[in-house]
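These notes concern the structure reproduced below.
Just so you know, these numbers use all the heavy atoms, side chains as well, and skip hydrogens, waters and symmetry mates. Fair warning: this is a prediction, and the values are worked out from it, not measured in the lab. Numbers for residues simply follow the sequence, beginning at 1.
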Amino acid sequence: MTEPTEPGPLKRMVPPDLQRQVEDIQIKVPRTTGSPNDLDDSRKRWLVVGICLHTIISPVLRTFVFPVVTKLCYSLTRLNKVHQQTYGSHLKKYTPTNTILNYEAINNNKTSFGRNKALYDYRIKNPVDLSKLFLQTHMAHFTAFNESCDSSALLGIIVNIDKFPVVIQSDAKLVSRNTSIYSILYFKKCQQ
């Protein structure tokens, strides 16, 4: 009797171009030695800022954002019938802040219909849907005003809706802009 053979692992051929790109990245990105616990001061600061944004500031912003967006949603439902919108008769721009509303961010429109906007579901069903209209699609993957709604989404909502106090909006713009700039600079520094 013969012994059963174990199936071997599947082997894939890596295209030569991809292999060269991987090797180039390995050469450009220096390998760090030492304990993974060793972080330079810059990385430690970014870590502390990120933890503060996520655990301290974001929960406070969520409780602040929720009632404002809810009130705006009910107002737009009453005045503009946003819960019954269809293609062609939908609210295209939020006039007070001149924000063009992003309907691909709601009702699974981008995934289901791509760029065919005539097929989109334009109905605003709740305050979360409304808040997503004010954001770029990649920022609008939250499902409620909970941990899934991160600080960048919260800052975007505050910046783009006029119902927040002007001082809060200007602070949100400043934090959002500075965080983006520092992230880009840090990323570039890491690549050098």
Side-chain angles (χ1 to χ4, degrees), residues 46-184 187:
W46 274 105
L47 186 61
V48 169
V49 168
I51 290 169
C52 288
L53 274 172
H54 182 69
T55 60
I56 298 168
I57 296 171
S58 291
V60 173
L61 287 178
R62 284 186 205 106
T63 61
F64 180 67
V65 165
F66 178 73
V68 173
V69 174
T70 301
K71 188 175 179 181
L72 178 61
C73 185
Y74 290 128
S75 173
L76 290 174
T77 299
R78 193 179 73 251
L79 299 173
N80 298 85
K81 306 290 186 224
V82 294
H83 63 296
Q84 299 173 339
Q85 296 183 118
T86 58
Y87 178 71
S89 66
H90 63 282
L91 188 64
K92 294 167 187 62
K93 185 187 283 189
Y94 183 65
T95 311
T97 57
N98 252 354
T99 303
I100 296 172
L101 302 176
N102 178 16
Y103 286 93
E104 76 176 18
I106 64 166
N107 299 327
N108 210 22
N109 284 333
K110 183 178 181 179
T111 304
S112 299
F113 307 113
R115 296 192 181 263
N116 190 350
K117 295 182 179 191
L119 298 176
Y120 282 8
D121 180 358
Y122 288 93
R123 295 173 294 163
I124 306 303
K125 300 170 186 163
N126 55 53
V128 173
D129 282 351
L130 178 67
S131 68
K132 291 178 180 184
L133 295 180
F134 292 90
L135 301 172
Q136 296 172 17
T137 307
H138 71 276
M139 295 171 61
H141 293 290
F142 54 95
T143 55
F145 292 112
N146 59 16
E147 291 76 26
S148 67
C149 184
D150 67 13
S151 58
S152 62
L154 292 163
L155 292 170
I157 293 165
I158 292 169
V159 166
N160 290 308
I161 296 177
D162 69 317
K163 303 300 182 191
F164 295 98
V166 174
V167 173
I168 304 284
Q169 281 188 308
S170 65
D171 288 347
K173 283 179 191 174
L174 183 66
V175 170
S176 183
R177 182 177 47 239
N178 286 341
T179 304
S180 297
I181 290 169
Y182 291 132
S183 295
I184 291 167
F187 180 72

> Taking Tyr103 for the side chain and Leu91 for the main chain, is one N or O donor matched with an acceptor at less than 3.5 Å?
Replying inline: yes

>> Please give me the minimum heavy-atom distance between Arg62 and Glu147, naming the atom from each residue.
In response: NH2-CA, 3.6 Å

>> I need the minimum non-hydrogen distance between His138 and His141, along with the two atoms involved.
In response: O-CD2, 3.3 Å

> Can you tell me how far the SG atom of Cys149 sits from the CZ atom of Phe66, to the nearest 0.5 Å?
Replying inline: 11.5 Å

> Are Ser58 and Asp150 close enough that a side-chain donor and a side-chain acceptor fall under 3.5 Å?
Replying inline: no

> Rounded to the nearest 0.5 Å, how far apart are CG of Asn80 and OG of Ser75?
Replying inline: 7.5 Å

> Under the 3.5 angstrom rule, does the side chain of Thr111 hit a backbone N or O of Asn108 as a donor-acceptor pair?
Replying inline: no

> Considering residues at least two apart in sequence or located in another chain, which fulfil the side chain to side chain donor-acceptor pair (under 3.5 Å) criterion with Thr97?
Replying inline: Thr99

> Nearest heavy-atom pair of Lys132 and Ala140: which atoms, and what distance?
Replying inline: CE-O, 3.4 Å

>> Donor-acceptor check, side chain of Asn107 to backbone of Asn109, threshold 3.5 angstrom: yes or no?
In response: no

Determine all donor-acceptor pairs shorter than 3.5 Å in which one atom belongs to a side chain in residues 155-168; sequence neighbours excluded.
from	atom 1	to	atom 2	distance (Å)
Asn160	ND2	Phe134	O	3.0
Asn160	ND2	Gly156	O	2.9
Asp162	OD1	Tyr94	OH	2.3

> Just by distance, with hydrogens left out, do Tyr122 and Gln84 show a side-chain donor and acceptor under 3.5 Å apart?
Replying inline: no

> Is the side chain of Thr77 donor-acceptor paired with the backbone N or O of Cys73 at a distance under 3.5 Å, no angle test?
Replying inline: yes

>> Treating Tyr120 as the side-chain partner and Gly114 as the backbone partner, does any N or O pair qualify as donor plus acceptor under 3.5 Å?
In response: yes

>> If you apply the rule side chain to side chain contact (heavy atoms under 4.5 Å, CB included), what do you find for Ile57 with Ser151, and how did you get there?
In response: CA-CA 8 Å; Ile57 296 171; Ser151 58; over 6 Å; no

> Do Val128 and Thr143 have side chains that get closer than 4.5 Å, going by heavy atoms?
Replying inline: no

> His54 and Pro59: which non-hydrogen atoms are nearest, and at how many Å?
Replying inline: O-CD, 3.5 Å

> Atom CD of Gln85 and atom CG of Leu101: how far apart are they, to the nearest 0.5 Å?
Replying inline: 8.0 Å

> With under 30° as parallel and over 60° as perpendicular, where do the rings of Tyr87 and His90 fit, or are they tilted in between?
Replying inline: parallel

>> Do Lys173 and Ser176 make a side-chain contact, defined as non-hydrogen atoms from C-beta onward lying under 4.5 Å apart?
In response: no

> Heavy-atom distance under 4.5 Å between the side chains of His83 and Ile124, does that happen here?
Replying inline: no

> Are the side chains of Asn102 and Thr137 in touch, meaning some heavy atoms are under 4.5 Å apart?
Replying inline: yes

> If you look at every heavy atom in Thr55 and Ile51, which pair is closest and at what distance?
Replying inline: OG1-O, 2.6 Å

> If you look only at pairs with a residue in residues 112-128, which of them pass as a salt bridge (Lys or Arg N to Asp or Glu O under 4.0 Å), with sequence neighbours excluded?
Replying inline: Asp121-Arg123, Asp121-Lys125

>> For the CD1 atom on Ile100, are there more than 12 heavy atoms of other groups (residues, nucleotides or ligands in this structure) within a distance under 6.0 Å?
In response: no

> Closest heavy-atom contact between Ser148 and Phe142?
Replying inline: O-CB, 3.1 Å

> How many angstroms lie between atom CG of Leu133 and atom CD1 of Ile106, to the nearest 0.5 angstrom?
Replying inline: 5.0 Å

